[in-house]
Amino acid sequence: MEIVHSVCALDCPDCCSMLVQVENGRATRLRGDPDHPVTRGFLCGKVAQYLEREYSPDRLLYPQKRVGAKGEGRFTRISWDEALATIATQLTNVSRQYGPEAILPYSYGGTLGMLNGAGMDRRFFHRLGASRLDRTICATAGAAGLTAANGLRYATEPEQFRQSKLIIAWSANIHGANVHLWPFIVEARRNGAKLVVIDPIRTRTAALADRHFAINPGSDLALALGLMHVIIGEKLYDADYVDRYTNGFDALHKRVASYPPERVAALTGIAAPDIVQLAREYATTHPAAIRVNYGVQRSEQGGAATRAIAALPALVGSWREPGGGLQLSTSQAFQFNRAGLEMPELQNRSALGREARIVNMSLLGKALTEMADPPVKAMVVYNSNPAAVAPDQNVVLRGLRREDLFTVVLEQLQTDTADYADILLPATTFLEHTDIYFAYGHYYMPLARPVVAPPGEARSNVDTFRALAIRMGFDDACFRDTEDDMIRTLLSSGHPFLDGITLDRLEREHFVRLNVAPEGEPFLPFAQGGFGTPSGKCEFGAETLEYTPPVESRFGDAALRGKYPLELISSKHDDSMNSTFGNRAGVDEETSVLHLHPADAGPREIRTGDRVRVFNDRGSLLLKAQVNGVVQPGVARAPSTRWLKRASDGRNANALTSDRLTDMGGGPTFYSCLVQVERCGD
Ligand SMILES: Nc1nc2c(c(=O)[nH]1)N[C@H]1C(S)=C(S)[C@@H](COP(=O)(O)OP(=O)(O)OC[C@H]3O[C@@H](n4cnc5c(=O)[nH]c(N)nc54)[C@H](O)[C@@H]3O)O[C@H]1N2
Ligand SMILES: Nc1nc2c(c(=O)[nH]1)N[C@H]1C(S)=C(S)[C@@H](COP(=O)(O)OP(=O)(O)OC[C@H]3O[C@@H](n4cnc5c(=O)[nH]c(N)nc54)[C@H](O)[C@@H]3O)O[C@H]1N2
Ligand code: SF4
Ligand SMILES: [Mo]
C-alpha cells in the first residue's frame with residue numbers, strides 16, 4: 001500500500017490537494033491533504049466518493065463510432081487508428097470545403113488542469129485554423145465587471161477570512177460550492193464575526209447565517225448602489241483611501257443620490273431599514289470581507305452588478321486590512337506563460353493563415369443552427385457537456401442532431417453530448433494523467449502525476465490532441481512536447497508571482513504558494529492602491545452603474561411577465577458538480593425538484609410531491625414540487641444541470657433558459673429566466 005499525492009481537477013474554487021491510498025495499482029481511498037492550508041484534510045462529499053466514478057462500469061474504455069441515430073446513444077467499438085484516421089479525414093474535408101473556421105472546438109471546466117484544459121488542444125486548433133471559442137459560460141461577465149473596477153482580478157485569501165468580523169456572502173453558497181472557505185468562517189464567527197447572506201434562495205449557507213436577505217433576482221446592482229447611498233450620505237466611507245486610490249467618486253456620489261433606501265427596497269425586496277443597517281455595519285465593522293461568487297453575474301446586468309460590488313471595499317478602505325477586501329476569484333494571480341502553452345501564433349501557419357473568428361460558447365444553439373460564412377460543420381467537444389449545460393437547450397439539441405455536422409466527443413462517461421457524437425473517444429480522469437492546476441479560490445499551485453493507470457484504452461486530452469496533430473501531418477516541434485516540457489513553458493512567464501516555482505520544486509512539495517506576499521504574511525493586493533487599471537486606481541465608473549431590471553424579471557417585460565410570472569433560478573446542486581456526477585442515481589433524485597413558495601403553489605393547487613410542468617416559450621420541464629420556504633413568492637428554484645437522459649422528458653433547466661447575454665463579457669443569463677408552473681395529471 002502506498003499514499004500518493006493528487007489534486008482534485010473539478011471546476012471548484014477550492015482546488016483541493018488530496019492523498020490517494022493505492023493498493024496493487026488500484027486507488028482504494030481518497031482524502032484531503034492535511035498539510036494543505038486550505039484543503040485542511042477534508043474533501044467535499046461528492047469527491048470523497050469519486051472512486052465510485054473512477055471505477056464505474058460506465059467508464060468509456062475504447063474509441064467508438066456511432067451506429068444509431070444522433071442522440072440515441074448506440075455505438076460500436078473501433079480502434080484508435082480508425083478513430084484518428086476518420087477524424088483527420090473529416091476535419092481535412094471540412095477545412096477544404098468550407099475553410100477551417102467551419103471547425104469548432106467546444107470545451108470548458110471538466111478539468112482545471114492547464115495541460116488537459118488549455119494545452120495541446122489549443123495548439124492543435126490554432127494550427128488547424130479552427131474557430132476560436134470564447135469561453136463565456138461561467139465567469140466572463142463577473143470578470144469583466146471586476147476588471148473594469150480593479151484592473152486585476154486578485155482577491156482576499158481564504159485564510160484571511162478567519163480574521164474578519166463581518167462576512168458578506170453575496171450570491172455565494174459557500175457551504176455548497178466552496179466548502180473549504182467554511183471552516184475559516186466558522187473560526188471567525190467563534191471570534192464574534194457575523195455572517196450575512198444575500199441570495200434569493202435560502203441555501204444551506206443562508207440557513208446557517210446570522211442574517212439572510214432574500215434579494216429579488218437580478219437586482220444586486222440596485223442594492224450595491226443603495227448601500228453606497230447610505231455609506232456616502234452618512235460619510236462612513238474612507239475618505240483617505242478614496243482620495244488616494246480611486247477615481248470617479250464625485251460622479252458616484254451623484255449617481256447614488258437616486259438610489260435612496262426606499263427605492264432600493266422596492267427594487268430588491270429588502271426592507272429599507274435593513275439596507276441602512278447593513279450599510280452602516282459594513283462600513284464600520286473592521287475588518288469586513290465580501291465573498292461574492294458567480295451567481296450574481298448570471299443575470300442581465302451581472303457585469304455592472306459585479307463592478308458595483310467590487311467598488312464597496314475601495315469605498316470603505318477595507319483592502320487595507322487582513323480579513324478585509326473581497327474575493328471573487330484568485331485565478332489571475334496564476335500568471336502562467338499561457339501564450340507559450342497555447343501558441344496562438346500557430347494560426348499564421350494554418351490553412352487559414354490569420355487569426356480565426358471567435359464563437360461565443362454561450363450562443364452554441366445559434367452557432368449550430370444559424371451561423372454562416374462558414375457554417376459550423378465539425379465540432380470537437382472535450383471537458384464539457386453542452387447538451388446539458390448550454391442555455392436554450394432545445395436549439396442546442398436541434399443543432400447537435402444535424403446530420404451534416406461531424407461531432408467528436410472526448411469523454412469519461414457517456415454523457416448526453418456523447419450520445420450525439422460521430423466518434424466518441426475515451427478520456428482519462430485526473431487520477432490517470434499529469435497536470436498542473438490553477439485555483440480560483442486560493443493561491444496554491446499544485447502539480448499532479450498519474451496515480452493509477454488509465455482503464456482500457458483511455459487517453460488524456462494531451463495525448464489525443466497530440467496524436468491527432470501528428471495524424472494530420474502537423475510537423476511543428478510543439479506537438480512533440482511532453483507534459484513536462486509544457487509545464488516548464490507555463491512556469492517561464494517571468495512574473496514575480498512565479499519566482500522560484502519550478503517543476504522540481506512542485507515535484508517535491510506537491511503544491512506551492514504563489515509569491516504573492518512574503519512567506520507567512522498575508523496578501524493585501526490593493527492595500528496601497530496598485531490597481532491594474534490604466535490609472536492605477538479603482539475605477540468606480542458611475543456612468544456604467546444605472547440599474548434597469550432584467551427583461552426576464554418581476555419588473556421587466558410586462559407582457560412576458562403576464563404569461564410567465566415566476567423567476568426561475570437553476571443554481572448549483574450542493575452534491576454534484578455541474579453535470580459531472582449526473583450519472584449517479586442519488587444525484588438524479590435530488591435534482592428533479594422544483595422549489596416553490598406556498599403563495600405560488602396554493603393558487604396553482606400544487607402540493608409537495610406533485611408532478612409539475614415548468615414552461616415558457618423556449619421549452620418545458622417536468623419536476624416534482626417542493627413547497628417550502630426555500631424561495632420567496634415569485635421565485636422558483638430548479639437545480640441546474642442534471643443528465644437529460646435520466647429524466648423522463650429528456651430535459652433539464654436549460655430547456656427554459658435563454659441565450660440572452662449579459663451586459664458585459666458576453667456571459668449567459670441563466671438566472672434571468674421567467675417561467676410558468678402548472679400541476680400535471682398523474
Ligand atoms: N457543489 C457544487 N459546487 C460547485 C459547483 C456545482 O455545480 N456544485 N459548480 C462550480 C462552478 S462551475 C462554479 S462557477 C462555482 C459557482 O459558485 P456559486 O457562484 O456560489 O454558485 P451558484 O449556485 O451559481 O450561485 C451562487 C448563489 O447565487 C444565488 N443567486 C442566483 N441569482 C442571484 C441574484 O440575482 N442575486 C444574488 N445575490 N444571488 C443570486 C443562487 O441562488 C446561489 O445560491 O461553484 C463551483 N462549485
Ligand atoms: N441552468 C444552468 N446552467 C449552467 C449553470 C447553472 O448554474 N445553471 N452553470 C454554468 C457553469 S457556471 C458552468 S462552469 C458550466 C459547466 O459546464 P461544463 O464545463 O460542461 O461542466 P460539466 O457539466 O461538469 O461537464 C464537464 C465534462 O467534462 C468531462 N471531463 C472531466 N475531465 C475530463 C478530461 O480530462 N478530459 C475530457 N475529455 N473530459 C473530461 C466530465 O466527464 C464532464 O462530462 O455549466 C453552466 N450551465
Ligand atoms: S470539488 Fe472542490 S471541494 Fe470537492 S474535492 Fe474538489 S476541489 Fe475540493
Ligand atoms: Mo462555473
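Both ligands and their constituent atoms are indexed starting at 1 by order of listing. Sequential numbering from 1 along the given sequence is applied to the chain's residues.
Judged by distance alone, with hydrogens and angles left aside, the side-chain atoms of Gln632 form no donor-acceptor pair with the main-chain N or O of Asn216 at under 3.5 Å. At distances below 3.5 Å, not a single donor-acceptor pair connects side-chain atoms of Asn385 with backbone N or O atoms of Ser579. At least one donor-acceptor pair closer than 3.5 Å links the side chain of Asn616 to the backbone N or O of Leu674.
At least one heavy atom of Ser576 sits under 4.0 Å from some atom of ligand 1. Within the 4.0 Å heavy-atom cutoff, Gly109 does not count among the residues contacting ligand 1. Not a single heavy atom of Arg637 sits closer than 4.0 Å to an atom of ligand 1. Distances from ligand 1 to the non-hydrogen atoms of Phe213 include no value under 4.0 Å.
When non-hydrogen atoms are compared, ligand 1 lies under 4.0 Å from neither the backbone nor the side chain of Phe670. Both the backbone and the side chain of Ala177 come within contact range of ligand 1, each with a heavy atom under 4.0 Å. When heavy-atom distances to ligand 1 are checked against a 4.0 Å cut-off, Asp220 comes that close only through its side chain, counted from C-beta outward.
Of the protein's non-hydrogen atoms, Asn293 ND2, 3.4 Å is the one closest to atom 17 (O) of ligand 1. At the top of the distance list for atom 11 (C) of ligand 1, counting protein heavy atoms only, stands Asp11 O, 3.5 Å. Protein heavy atom in closest approach to atom 12 (S) of ligand 1: Asn578 ND2, 3.1 Å. In terms of protein heavy-atom proximity, atom 21 (O) of ligand 1 is nearest to Lys572 CG, 3.4 Å.
Closer than 2.8 Å to atom 4 (Fe) of ligand 3 sit the protein N, O or S atoms Cys44 SG.
Counting only N and O atoms by type, the side chains of Tyr671 and Gln297 include no donor and acceptor under 3.5 Å apart. Looking only at atom types and distance, the side chain of Asn173 has no donor-acceptor partner in the side chain of Asp199 under 3.5 Å away.
With distances taken over non-hydrogen atoms, the option nearest atom 1 (N) of ligand 1 out of Leu10, Asp574, Asn216 is Asp574. Across Val179, Asp199, Thr641, heavy-atom proximity to atom 44 (O) of ligand 1 is greatest for Asp199. With atom 33 (C) of ligand 1 as the reference point, the heavy atom nearest to it among Pro200, Pro217, Ser640 is part of Pro200.
Heavy-atom proximity to Met577, at under 4.0 Å, picks out these atoms of ligand 1: 3 (N), 4 (C), 5 (C), 6 (C), 7 (O), 8 (N), 9 (N), 10 (C), 47 (N).
For residues 29-54, the set of pairs meeting the ring pair (Phe, Tyr, Trp, His ring centres under 6.0 Å) definition, not counting sequence neighbours, comprises His36-His442, His36-Tyr444, His36-Phe511, Phe42-His180, Tyr50-Phe430.
In this structure, Gln626 CD and Leu594 CG are separated by 9.5 Å, a value rounded to the nearest 0.5 Å.
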